Protein chains: 2
Amino acid sequence: MPIDWNVRGGGDVVSATREDKKTATRARIAKAGLELFVERGYDATTVDEIAEAAGIARRTFFYYFKTKDEVLLAWHGAGAVSSGLVSAMLRQSTEQAPFDAGKACIIDLAARYETEESKAMDALMRSSASLRARKDATEVQLESDMADAMVMMWPDPARRAELRMASMIAVGVLRLSLEEWRGDDSANTLTATLERHFSDLERHILRT
Amino acid sequence: MPIDWNVRGGGDVVSATREDKKTATRARIAKAGLELFVERGYDATTVDEIAEAAGIARRTFFYYFKTKDEVLLAWHGAGAVSSGLVSAMLRQSTEQAPFDAGKACIIDLAARYETEESKAMDALMRSSASLRARKDATEVQLESDMADAMVMMWPDPARRAELRMASMIAVGVLRLSLEEWRGDDSANTLTATLERHFSDLERHILRT
DNA sequence: GGCAGAATTCGCACTGAGTGCAACTTGGGG
DNA sequence: CCCCAAGTTGCACTCAGTGCGAATTCTGCC
């Protein structure tokens with residue numbers, strides 16, 4: 001999502017109000033949508049209802065969101081996580097193995113998932129088949145974002161495949177850990193679950 | 001997809017014609033749909049057109065397929081691959097590490113992907129966002145199918161996490177290899193690409 | 001052969017997502 | 001204050017998918 005700053009000749013931002021208002025409206029729609037989804041389920045909520053709750057016309061909804069499921073995905077999902085991932089990766093040392101850097105980033109990012117909201121969103125995602133597919137796709141996206149971030153750190157073309165593999169495994173462990181953690185009533189933290197799975201991995205598969 | 005044999009009291013199958021006809025109709029619809037998809041694209045093909053090409057009423061289409069994208073997925077995708085996976089897994093020795101068994105199964109299965117049809121289907125899948133999401137989801141499904149098959153081989157509950165991890169990595173390598181192979185004009189076989197990626201993995205990540 | 005009951009097919013009407021278009025409103029710059 | 005562009009809206013339309021009930025086509029059985 002390219003940022004389109006409203007920059008003009010002089011050097012100072014002429015008018016941010018317009019952008020601000022748009023952002024606020026988008027947020028209002030998202031909030032209304034999410035509340036309705038949680039309250040009555042994704043499928044049972046119509047775009048008309050979201051629009052009404054947000055105080056806009058049905059047509060305007062589609063001006064802000066291309067599709068209904070984008071409301072869910074836009075929440076603070078892929079976008080925020082991926083950008084957080086890139087900055088976390090850039091903070092890593094190139095001395096270590098790419099996989100270890102990926103592991104560190106994943107653990108760094110875990111906090112973003114460790115919220116009640118995140119659990120609620122996840123439950124929502126599981127309620128509809130098309131939604132579940134979209135969710136899986138965002139995880140695949142995260143994987144390729146991590147690979148891209150790694151390429152910035154280790155630009156050697158000969159290592160591309162290694163980087164893809166490392167990010168695949170790191171994100172895979174995140175996926176497994178999230179699944180287990182979410183289905184687990186106990187008070188285990190996600191970070192602890194991650195650590196355990198990473199060390200399992202190292203013990204049984206990596207055979208270091 | 002549970003097989004529903006029409007078995008009655010006596011012991012012999014009374015009537016297979018009904019089932020046969022249904023199967024044939026389903027195949028006819030799928031064929032018509034696939035041809036239209038290839039010819040003019042997924043989004044540009046309507047259910048009405050598929051129904052007409054298959055010589056049935058629109059409503060009947062939905063009696064055979066729950067959704068339009070199911071025509072694509074039903075082709076010979078997840079179902080056949082997953083069942084092939086299970087039998088390939090059962091042929092493995094429990095003496096080896098689960099990951100090695102997974103690797104062997106993946107290589108065993110590679111032939112199923114190594115067809116022109118498979119490439120065409122893949123191109124179709126990439127043509128629409130919702131379709132791509134569905135495709136990613138089938139790969140996630142394959143991963144959990146492999147994990148389930150592994151559980152049959154190594155039932156020890158203490159090893160569950162290891163099995164999940166092993167199947168995640170094995171399927172991940174398949175995913176990477178498919179991607180590279182499909183985007184590659186040269187005559188490299190999928191099997192060769194797989195072998196190379198598995199050995200890369202062992203060299204750089206597994207550190208054996 | 002003919003009949004009762006089922007499985008299958010179909011038409012129809014409906015809901016809801018998403019789009020194209022044209023008109024209308026609003027807000028900021030000159 | 002006027003102009004222009006951005007933002008907003010209503011309307012009409014296409015298409016996927018569903019519920020329901022009627023019509024048609026088997027299948028087993030007498």
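Quick caveat, the model's predicted, so the values are computed rather than measured. For the numbers below, each heavy atom of this structure counts, side chains included, while hydrogens, waters and symmetry mates do not. Naming: A, B, ... by sequence-line order, numbering from 1 per chain.
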With a 4.0 Å limit, can you tell me whether [X] has a side-chain N or O closer than that to the phosphate oxygens OP1/OP2 of [N]?
| X | N | result |
| --- | --- | --- |
| B:K21 | C:dT8 | no |
| B:K22 | C:dT8 | yes |
| A:Y63 | D:dT8 | no |

Show me the donor-acceptor pairs within less than 3.5 Å that the side chains of residues 33-43 of chain A make with the rest of the protein, sequence neighbours left out.
{"unit_1": "A:E35", "atom_1": "OE2", "unit_2": "A:K31", "atom_2": "NZ", "d": "2.9"}
{"unit_1": "A:R40", "atom_1": "NH1", "unit_2": "A:E49", "atom_2": "OE1", "d": "3.2"}
{"unit_1": "A:R40", "atom_1": "NH1", "unit_2": "A:E49", "atom_2": "OE2", "d": "3.1"}
{"unit_1": "A:Y42", "atom_1": "OH", "unit_2": "A:D69", "atom_2": "N", "d": "3.2"}

List in chain and number order the residues that pass salt bridge (Lys or Arg N to Asp or Glu O under 4.0 Å) with [X], two or more places apart in sequence or in another chain; answer none if no residue qualifies.
| X | value |
| --- | --- |
| A:D108 | A:R91 |
| A:R59 | none |
| A:E179 | B:R164 |

A:T67 side chain, from C-beta outward: closest of D:dA16, D:dT8, C:dG18: C:dG18
A:K68 side chain, from C-beta outward: closest of D:dT18, C:dG18, D:dT8: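 Out of D:dT18, C:dG18, D:dT8, the nucleotide with an atom closest to A:K68's side chain is C:dG18.
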Sequence-distant partners of B:R159, side chain to side chain donor-acceptor pair (under 3.5 Å), two or more places apart: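 Partners of B:R159 under the side chain to side chain donor-acceptor pair (under 3.5 Å) test: B:E162.
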Please report, rounded to the nearest Å, how far the [atom2] atom of [N] is from the [atom1] atom of [X].
| X | N | atom1 | atom2 | result |
| --- | --- | --- | --- | --- |
| B:Y42 | D:dC15 | OH | C1' | 11 Å |
| B:R26 | C:dT9 | CZ | P | 13 Å |
| B:F61 | D:dG17 | CZ | P | 7 Å |

A:K135 vs A:L131, side-chain contact (heavy atoms from CB on, under 4.5 Å): CA-CA, chis, key distance, verdict: CA-CA 6 Å; A:K135 184 176 162 288; A:L131 240 30; over 6 Å; no
Could you list the donor-acceptor pairs under 3.5 angstrom formed by side chains in residues 148-155 of chain B, with sequence neighbours left out?
{"unit_1": "B:W154", "atom_1": "NE1", "unit_2": "B:T94", "atom_2": "O", "d": "3.4"}

Positions of residues 43-59 of chain B (non-hydrogen atom under 4.0 Å from DNA chain D), listed by number: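 Only B:T45, B:T46, B:V47, B:R58, B:R59 qualify.
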ring-ring contact (aromatic ring centres under 6.0 Å, His included) involving A:F61 - partner list, sequence neighbours excluded: A:F65
Touch class at under 4.0 angstrom, heavy-atom based, for A:Y64 against every strand present: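 Counting heavy atoms under 4.0 Å across all strands, the contact made by A:Y64 is with sugar-phosphate only.
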Nucleic acid contacts of residues 122-136 of chain B, taken as heavy-atom distances under 4.0 Å to DNA chain C: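 Contacting residues: none.
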Polar contact flag, side-chain donor to acceptor under 3.5 angstrom, B:S128-B:S130: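 The answer is yes; a qualifying pair exists.
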